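Below, read A as the first sequence line, B as the second, and so on, with proteins coming before strands; counting in each chain starts at 1. These figures come from a predicted structure and were not determined experimentally.
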There are 2 protein chains.
Amino acid sequence: MDVTGKIGRGVRATILDVAARAGVSIKTVSRVFNAEPNVREETRDKVIAAAQEIDYHPNVAARGLAGKRSFLIGMVHGNPSPYYVADLNAGVLDRLRGEPYRLLVLPFESASTMSGKVLAMARSSGLDGLILSPPLGDDPTTIAELTAAGFPFVRIAPASATWLTPEVRMDDVAAAQDITEYLIGLGHRRIAIIRGDPSHPSGTARLIGYRKAMRRAGLDIDPMLVEEGLYTFDSGIMAARRLLASRTRPSAIFACNDDMAAGALFAANEMGLKVPDKLSLAGFDDTPIASIVWPRLTTISQPTVDMARAATAALLALLDDKKEGGRITMPYRLVVRGSTAPPG
Amino acid sequence: MDVTGKIGRGVRATILDVAARAGVSIKTVSRVFNAEPNVREETRDKVIAAAQEIDYHPNVAARGLAGKRSFLIGMVHGNPSPYYVADLNAGVLDRLRGEPYRLLVLPFESASTMSGKVLAMARSSGLDGLILSPPLGDDPTTIAELTAAGFPFVRIAPASATWLTPEVRMDDVAAAQDITEYLIGLGHRRIAIIRGDPSHPSGTARLIGYRKAMRRAGLDIDPMLVEEGLYTFDSGIMAARRLLASRTRPSAIFACNDDMAAGALFAANEMGLKVPDKLSLAGFDDTPIASIVWPRLTTISQPTVDMARAATAALLALLDDKKEGGRITMPYRLVVRGSTAPPG
DNA sequence: TTGTAGGCGTTATCAC
DNA sequence: GTGATAACGCCTACAA
């Protein structure tokens, strides 16, 4: 036994060491480290002091084995926009600060390779819970297997509601409608849309919002003005090139995320089309990219960080109290910047 | 006991279930799942079949407790550029594919808040090893405590060599010298530099390369042409505004990363300075941002993903074979794009 | 308010 | 090649 309390190189102190040093039982030490009640303040202090002296850190594996939880939550993301992912990460980690939970990032190539394997992955990684972001949060197979197994998970920005488990979202339809109506209000009539990856249902919601706005204004929706993208910068370039090559080209383009809008801006620059004089451009998400390009993008500010924070909070509640599923809708904001103007 | 092999909702199969079903001992099952030798092929198949039938996944916590490792590695990053971080993540995860190790992302505010806490964090998170990216990889306190504890770690892009542990880097000095010489070769004489955050030593290396190139060309280094940034887009704007407000403004700016170069481009746009006609701009890293702005940035292609992959490979080797430290230098590439031209 | 006993699911040690 | 059995460090009961 180590009477001095000095622990040799590589040898970690255990709860027994702390107990011995503090002159209490291991259960008392355990109580202190789990913030359980019924410990005299004086005892608590003794334990904490002893722990510090020998640099004790609870063994996560032992804790997980005995307590049947790993304090590990996973985030699966297949979003191609690094800024979006960075925001998600930031929100989750922010909420996790001070909590015993840690965040595991799960590799992810495409939604299809992942479908049907999420539960196995979660199990083999020993996760306590899962945060699903688009498009996986809308994958029926994934939802079904997680639900069937009773595995705790929350969804960020799901397109369809299940109400089975917490969902944090924003109103994509209304936001897309707003930004389209803003373009219409500027005087635009030929307004194109670059939709997102069809496998991301949020893209569909945004398309619906666009259609609503157009219809309400009595404007035709020319199929030539609906292009498909993949939420990537490059796909935005491609889509915009097709749109702008047409003889009856649009005077405004609404891209379903900032990356594609930046791509459209790039395409316009290539063709010498000045934005916003000859072409108005709107994005969606308000990621940093919207402020990096010139001119800055008019866009919808999606509270990604807040959404991630809220989703994490909901998951923690789920893990602790086994609370029911619910739906949280976060507010968005139309941000008007230099990329939009009346048609020239 | 569950004779049918069907496992109820939420109840996970254990190694005992597999052993019973396969008619072997748990040790044999363990051997199979750890790819140990001395198991007859026939036995192995039986075990694997039994495991699949009851959807067995080894319990990570138990494995960690008994085997004294968590199969968890951590990456600590304090780099403000999301694209850089995304590339690091991608490289690590790519190398980890197929390995039993998982990646933990560690929250990180600033290098100073982290210093002296990395080991404690690694311990309390139960990590097996650590990947340190700038600027933490150069923090003496961190290096010292990890080394003293014999904790396995590798460093990505460290400024100073320790040789104690694997280091994956590129030659920042030579790269910065190359890109500066390229600008000089175009005919520029007044070349400014926007250095990075002083707490990131890579910025110093790049400054040295710039100085070398200038001296070799017999050019004075006007202190007015050396600005300080923080590796962020906004800091690039600020620094460029200061540089461009001067009456004797530079004809070219070399920013120590792409984010700041993009900021400089933004500032030039603000002032109506056409790039590259009136101002040449060079970045560093070749993150996606370099290709998103217009015109695209001339930059140094830093093989971030490859570096992360190599660092991960080195860490895995360290964890398995206890190999020695070593130094890997990856090649860089000067990428010439539209943001640079002869002075107008 | 505190302590004791038992078990969590695996790996390691040694025997067969 | 294979198998019993003892750790591993903690948490959950239950007692005191």
Colleague: Between A:R95 and A:E99, does any side-chain N to carboxylate O distance fall below 4.0 Å?
Modeller: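 Counted as a salt bridge, because a side-chain N and a carboxylate O are separated by less than 4.0 Å.
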
Colleague: Please work out if B:Y56 contacts a base, only the sugar-phosphate, or nothing of the nucleic acid, heavy-atom cut-off 4.0 Å.
Modeller: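 Sugar-phosphate contact only.
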
Colleague: With a 3.5 Å distance limit and no angle check, can you tell me whether A:R155 reaches the backbone of A:G137 through a side-chain donor-acceptor pair?
Modeller: yes

Colleague: Could you check how far CZ of A:R69 sits from P of D:dC10, rounded to whole Å?
Modeller: 16 Å

Colleague: Round to the nearest Å and state the distance from A:R63 atom CZ to C:dG7 atom C1'.
Modeller: 18 Å

Colleague: Which part of the nucleic acid, if any, lies within reach of B:V60 when heavy atoms closer than 4.0 Å are counted: base, sugar-phosphate only, or nothing?
Modeller: nothing

Colleague: Rounded to the nearest angstrom, tell me the gap between atom CG in B:D17 and atom C1' in C:dT10.
Modeller: 13 Å

Colleague: Identify whether the distance between the nearest side-chain nitrogen and carboxylate oxygen of B:D128 and B:R69 falls below 4.0 Å.
Modeller: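 No, B:D128 and B:R69 are not salt-bridged.
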
Colleague: Does any N or O donor sit under 3.5 Å from an N or O acceptor when you compare the side chain of B:R31 with the base of D:dG3?
Modeller: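 Pair found.
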
Colleague: Taking the side chain as C-beta and beyond, is there a heavy-atom pair between A:R102 and A:V60 under 4.5 Å?
Modeller: yes

Colleague: Go through D:dC11, C:dT10, C:dG3 for me and flag the one nearest to the A:I26 side chain.
Modeller: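 Nearest to the side chain of A:I26 among the choices is D:dC11.
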
Colleague: Between A:L16 (CG) and C:dG3 (C1'), how many Å, whole number?
Modeller: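 In whole Å, C:dG3 C1' and A:L16 CG are 13 Å from each other.
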
Colleague: About how many Å separate CG of A:N38 and OG1 of A:T43, when rounded to the nearest 0.5 Å?
Modeller: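 CG of A:N38 is found 11.5 Å from OG1 of A:T43.
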
Colleague: Just the rounded figure in Å: distance from P of D:dC10 to NZ of B:K68.
Modeller: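 In whole Å, D:dC10 P and B:K68 NZ are 11 Å from each other.
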
Colleague: So, A:R12 and A:D55, do they make that salt bridge, N to O below 4.0 Å?
Modeller: no

Colleague: Given D:dC11, D:dG9, C:dG9, identify the nucleotide with an atom nearest to the side chain of A:S30.
Modeller: D:dC11

Colleague: Near DNA chain D, under 4.0 Å by heavy atom, which residues of residues 36-45 of chain B?
Modeller: B:N38, B:V39, B:R40, B:T43

Colleague: Just how far, in rounded Å, is C1' of C:dC8 from CD1 of A:I15?
Modeller: 15 Å

Colleague: In whole angstroms, how far is the P atom of D:dC8 from the CG atom of A:L65?
Modeller: 14 Å

Colleague: Does a side-chain heavy-atom distance below 4.5 Å link A:L315 with A:L319?
Modeller: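 In contact.
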
Colleague: If each of A:N34 and B:K27 is mapped to the nucleotide of DNA chain D with the nearest heavy atom, which maps nearer the 5' terminus, i.e. the 5' end?
Modeller: B:K27

Colleague: Rounded to the nearest angstrom, tell me the gap between atom CZ in B:F71 and atom C1' in C:dT11.
Modeller: 10 Å

Colleague: D:dC8, D:dC10, D:dG3: which one has an atom nearest the side-chain heavy atoms of B:S25?
Modeller: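 The nucleotide sitting nearest to the side chain is D:dG3.
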
Colleague: From C-beta outward on B:T28, which listed nucleotide comes closest to its side chain: D:dT2, D:dG9, C:dT11?
Modeller: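 Per side-chain heavy atoms of B:T28, the pick is D:dT2.
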
Colleague: When you measure from the side chain of A:T14, which nucleotide among D:dC10, C:dG3, D:dA4 comes out closest?
Modeller: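 Between D:dC10, C:dG3, D:dA4, the one nearest the side chain of A:T14 would be D:dC10.
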
